[in-house]
Structures are given as structure tokens and as C-alpha cells.
Chemist: 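The structure is given below, and queries will be raised subsequently.
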2 protein chains.
Amino acid sequence: MYQTVKPKNDSVQSDCGVCPIKRRAVCAYCEAQDLVELEKIKSYKTYAPGEMIIWTGDDMRFVGSIVSGVASLSQTMEDGRRQMVGLLLPSDFVGRPGRAKAVFDVEAATEVTICRFDRKPFEQLLVKLPHLSGRMLEMSLDELDAAREWMLVLGRKNAREKIASLLSIIARREGELHKKPLRDGAEFDIKLTREAMADYLGLTLETVSRQINALKKDGVISLQGKRHVKICDCVRLMMETGNDDDGGMVI
Amino acid sequence: MYQTVKPKNDSVQSDCGVCPIKRRAVCAYCEAQDLVELEKIKSYKTYAPGEMIIWTGDDMRFVGSIVSGVASLSQTMEDGRRQMVGLLLPSDFVGRPGRAKAVFDVEAATEVTICRFDRKPFEQLLVKLPHLSGRMLEMSLDELDAAREWMLVLGRKNAREKIASLLSIIARREGELHKKPLRDGAEFDIKLTREAMADYLGLTLETVSRQINALKKDGVISLQGKRHVKICDCVRLMMETGNDDDGGMVI
DNA sequence: CGATATGTTGAACATTCTCAAGGGATGTGG
DNA sequence: CCACATCCCTTGAGAATGTTCAACATATCG
């Protein structure tokens, strides 16, 4: 478990014109007049690392977009077993229009800033603004594909393949962000603890630790500290994922 | 693997007015004039049990709704490992608007009839008909929740819990169909082979067989033949799933 | 400095898989 | 009609993978 940190309530002000995620978020297709409507119901909030953004069962007063940082979407069983079901990165959508109660926990893995929209009026805008609902549908379908890809990882891959899959996904997304293709020597920070990685992969944290160090020992990756990874052999990493094609990952 | 059966090409004619899935399918919110548009691009096709409806990599010339029967959505790795990522029942949607190539296999588990729409014109209707795109979004979000629920099953449940989860989902859906609540003595057919169940649960077929017979031996269920299940102890079955609440399943 | 969170490593153990054999049920061709 | 093949399912025994429990290392923070 993570430590729980007191929420910061500092409201940030920002302008859609300089928003870092404006080309990929739910509002990406909105035009100036649409944005005016959205701005009326918009507020920003920043969460500290480890802070719970939403608890399962909470009333969902807002939905929104991750502006910066990394959050996790997860489910917990009575006895404490936990499964992460989504990794929320900048531009990803939080919350479910049409649902009043949260069915998943959302937790800030790093410091996270969210552009929040009041849920009820947002739902009305979904009906009113085709640009908004169109992008919403597109994003939902992409997430659905990503979830299904991940089901293969959870159901059929062994521990080593799971770790390789996670690393390749993080590396790929990092690459997208910096517009660099994935290549030997690519470096990035894993913004997750071993435990969070285990929760994503359906493993124990001990197994995660062992397999990461095995990949290091085999020269597929190298580590600086615990969280900073360099991909030594990119093709090898893709082979280790067990995937036939290396372009098929949807996340 | 299933035997492959020659496709039947009998086109069925049907009228939306008497369609068994009209209240839940993607067209559920459409009005008379919307349906006229849809009928122009509509055709029915029936597939034999075991027949492949779509292969990964196929050009997607159509999307559509399952009218009757059960189909599976799955992914296969090079070495033959397979993971089912969706169980398609009547009213479920097949295909992904906006995507030209299939990324999953779709296979008929029983005889399946699909109401198909030509993909390109359907995409145009999505833009034109808010009732259509609204329902599409709603269904996509429901499927996404279901996929995420299933990730917990795949990642964190043991074999016995997985079997109990599958049985409770099938029983629940069967109940919805006949408008009966799930109760002791409820009966239904599992329309999947042990192998298909294994592919859904991320297990081997031997483990599936053993766990089903263990649940039978423990008096949770009873069997008539291999596929017909009676739930002897409904509360016990829910406990065996490992779920805290028994109403939270989204599928 | 102690307290806490995070990460590593080892050894015993449990669960599930793999491989193998065999048992109905169904369908087909001789 | 019978022999045979095929599909689906069951059961057993040994092997493999990952978990559990425990100890310890390191870094950060008040």
C-alpha cells in the first residue's frame, strides 16, 4: 500500500490555448465555441504522489483529463489482492459519463494535475457537442482495445514476458511523447514502484524484482538506480514480450 | 481448436420491428427515420458453430450486432497460446468503427446470426445520427468496464475463483434474458467447450475440468451431461468467486 | 537518529501446467 | 451394422512456475 497524503487543494488556472494535451484529450476536436462551453464547467486540481483521486463507491461529481503526471486505475478485493486495470497518462480520460458512483480506485502515482469537468453538465455537453462525443467514443474504443490487449498479458504470459511487455509499453509511450521511435539506448523512468508494477502485471513484487534483475543480467536492459531503465537491445526486448509483431501494442 | 465448418451463405431477411435485440443493440435509440437509413446498409448472415466470423488482419468490410447465438473474441500468440477477450452475446456489437483491419479473431461458438452494416456508410451514420453514436458510446463504456472487471479475474483470482466467476456471469446473463433473478436451482447450458472456457479464464482445459468437478463434488453446482449446469447453492457460488459484493459484476 | 517506504535475495512451498492415457459420444465409410 | 476416427472430457503423476515467508539492504524524511 502507498502512504496516504493530505490533498492539496490549490486550484490552478490555465488557458486551453496553451494546454499541453489539447491535441489528444477528449476536447481535441472541439472548436473555439465548444471550448467556451467547456471552460464554464472546468477546474484544475493537483494531487500529491500516493494520494487517492477517487475511491471505489465515491459519488462521481466530476470527470476530466489527466494534464500531467501518472495515475493508476485499480480494483481491490476484500482480502487485499489488487489489480491495476489502467495506467492513466497525460490526455487520458478519468471517470465515466452516465455513472454516478465510481467502480474503480484512481490513485496518483506521481504528482498529477487533472482538468476536471462537472459531471452532469459535461454529460449534457456530450449530447450537444458532436465534436466532444465523437472524440469520447474514439478514446473509449482505443481504451477498450488496450484493455483487451492487456488481458492477453494477464491471462497467458509468463512473468518474464509480462515485465518485458510493461517495459516496452512504457518505452513506447515515452517515445511518442518525445516523438522518438523506440531504439537501442532509449532511456526512461518507470514511474511505478515494484508493487504497483506487480499490481498491473498480476504478479507479486518479489517476482517483479527478480525478473527485472534477470533482464538486466541478460543484457536486455540496464538500470541506473531502481527506476531508471535503459533499453540495451530493443529487438531482444520485443522478442521477450512474446509478441509476434512489435507494432501491435495498442496502449 | 474447433473444427472449421463451411460457411453458410444463406441471407436471412428480417424486419427491425420484430428484431429480438432492438431494445439493447446499437440501434436501440434510433427512431423510424434512423432505422430507414440503417436498413439501406444492412444484411444478415448466419454462421455455423466453429466457423470463423473474422480473422485477425482481415479487412473489416462490415460491423454489426449479434442477433442470436454466442461468439468469442480472442487473440492468439505465435506459439498457439490463446486468450479470449470477450464473449459476444445477442445485442453485442462486432467490429470497430474507424478501423480497417481486424485486431482480434471472432469465432462462432454456437450458430450465430449477425445483423451486419457496411462499415464505411455506418461510420458516416455515426456522425449523422446522434441516437446511434450515443448508444455506441454507452455500449463501448460498458464493454470497457466489463473488460476491466475481467482483468481482475485474470490477474488475481485462482483457478477455483475463476471458474466460479465464469459460471456466475453466465448464470446472471442467462437470468437477465429470462428476467429471472439468480437463485438456487437456476439451470443453464454452458455454450463453451472446456477449452474455450480455459481460453477465457487463462487456464488449461485440464484445470478447468478439475475445478468444475471439484465445485460439483463440493455441492456448489450439479451437472447433467458436460455442459448443463444447475446452481445448487447460489450464495456459496458467489462466495467462491472471491467477490465482496455480488452485484458488482458488470458483464 | 529512528521510522518508514522501497527493493533485493533465498529457500520452502503451493498451485497450475505438462504430458500421458483412457473413456464416452457422435459421425462416417465400408 | 460395425469398425474406426474424431471430438470432447476426465484423471493421474511429475515438473515447472510463481508465491510466501523471512531476512536484509538502501534511501528518504522528520
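Each chain gets a letter, A, B and so on, in the order the sequences are listed, and its residues count up from 1. The figures here come from the full heavy-atom set of this structure, side chains too, leaving out hydrogens, waters and symmetry mates.
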Chemist: Might you list the N or O atoms of the protein lying below 3.5 Å from N or O atoms in nucleotides 27-30 of chain D, with each pair's distance?
Modeler:
none

Chemist: Within the 3.5 Å criterion, strictly below it, is a donor on T113(A) or T46(A) matched to an acceptor on the partner's side chain?
Modeler: yes

Chemist: Any side-chain heavy-atom pair from R194(B) and L203(B) closer than 4.5 angstrom?
Modeler: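 They are not in contact (no side-chain heavy atoms under 4.5 Å apart), so the answer is no.
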
Chemist: Specify the separation, in whole Å, of atom CG of D199(A) and atom C1' of dT6(C).
Modeler: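 So the CG-C1' distance, D199(A) to dT6(C), works out to 14 Å.
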
Chemist: Expressed in angstrom and rounded to an integer, what is the separation of K217(A) atom NZ from dT9(C) atom P?
Modeler: 11 Å

Chemist: Over all strands shown, is R227(B) touching base, sugar-phosphate only, or nothing at heavy-atom distances under 4.0 angstrom?
Modeler: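 Here R227(B) touches the backbone only, sparing every base.
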
Chemist: Over how many whole Å does the gap from I212(A) atom CD1 to dG7(C) atom P extend?
Modeler: 9 Å

Chemist: Using atom types as modelled and distance alone, determine if a side-chain donor or acceptor of S65(A) lies under 3.5 Å from a backbone N or O of C115(A).
Modeler: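 Not at all, since once roles are kept as given, no pair shorter than 3.5 Å links the two residues.
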
Chemist: How many whole angstroms separate atom CG of L192(B) from atom P of dC7(D)?
Modeler: 18 Å

Chemist: L223(B) CG to dC9(D) P: how many Å, rounded?
Modeler: 11 Å

Chemist: Rounded off to whole Å, could you give me the CZ-to-C1' distance for the R194(B) and dT11(D) pair?
Modeler: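 After rounding, the reported distance stands at 14 Å.
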
Chemist: Restricting both atoms to N or O, compile the protein contacts to nucleotides 14-17 of chain C shorter than 3.5 Å, with distance only.
Modeler:
residue	atom	partner	partner atom	Å
dT16(C)	OP1	A159(B)	N	2.8
dC17(C)	OP2	T204(B)	N	3.4
dC17(C)	OP2	T204(B)	OG1	3.2
dC17(C)	OP2	T207(B)	OG1	2.5

Chemist: Is there a donor-acceptor pair under 3.5 Å between the side chain of R156(B) and the backbone N or O of R81(A)?
Modeler: no

Chemist: Where do L215(B) and R160(B) land on the side chain to side chain contact (heavy atoms under 4.5 Å, CB included) test, with the steps shown first?
Modeler: CA-CA 8 Å; L215(B) 285 176; R160(B) 190 180 175 96; 3.8 Å; yes

Chemist: How long is the span from the CG atom in D58(A) to the CG atom in D105(A), to the nearest 0.5 Å?
Modeler: 8.5 Å

Chemist: Please say whether more than 12 non-hydrogen atoms of neighbouring residues, nucleotides or ligands are located less than 6.0 Å from CZ in R24(A).
Modeler: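 Check fails, neighbour count at 12 or below.
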
Chemist: Considering only side-chain heavy atoms of T193(B), which listed nucleotide, dT8(C), dC9(D), dT18(C), is closest?
Modeler: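 Side chain of T193(B) sits closest to dC9(D).
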
Chemist: Where do V85(B) and R148(A) come nearest, in terms of heavy atoms and distance?
Modeler: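 The pair with the smallest heavy-atom distance is CG1-O, 3.4 Å.
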
Chemist: Under a 3.5 Å distance rule, please check whether E111(B) uses its side chain to pair with a backbone N or O of Y47(B) as donor and acceptor.
Modeler: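 Checking the backbone N and O of Y47(B) against the side chain of E111(B), no donor-acceptor pair under 3.5 Å is found.
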
Chemist: For the side chain of E195(B) and the base of dC7(D), is some donor closer than 3.5 Å to an acceptor across the two?
Modeler: no

Chemist: What's the CE-C1' distance between M197(B) and dT10(D), to the nearest Å?
Modeler: 14 Å

Chemist: Report the distance from atom NZ of K162(A) to atom P of dT19(D), rounded to the nearest whole Å.
Modeler: 7 Å

Chemist: As a test of reading the structure: which of dT9(C), dG7(C), dT10(D) is closest to the side chain of K226(B), going by heavy atoms?
Modeler: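 Closest nucleotide to the K226(B) side chain: dT10(D).
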
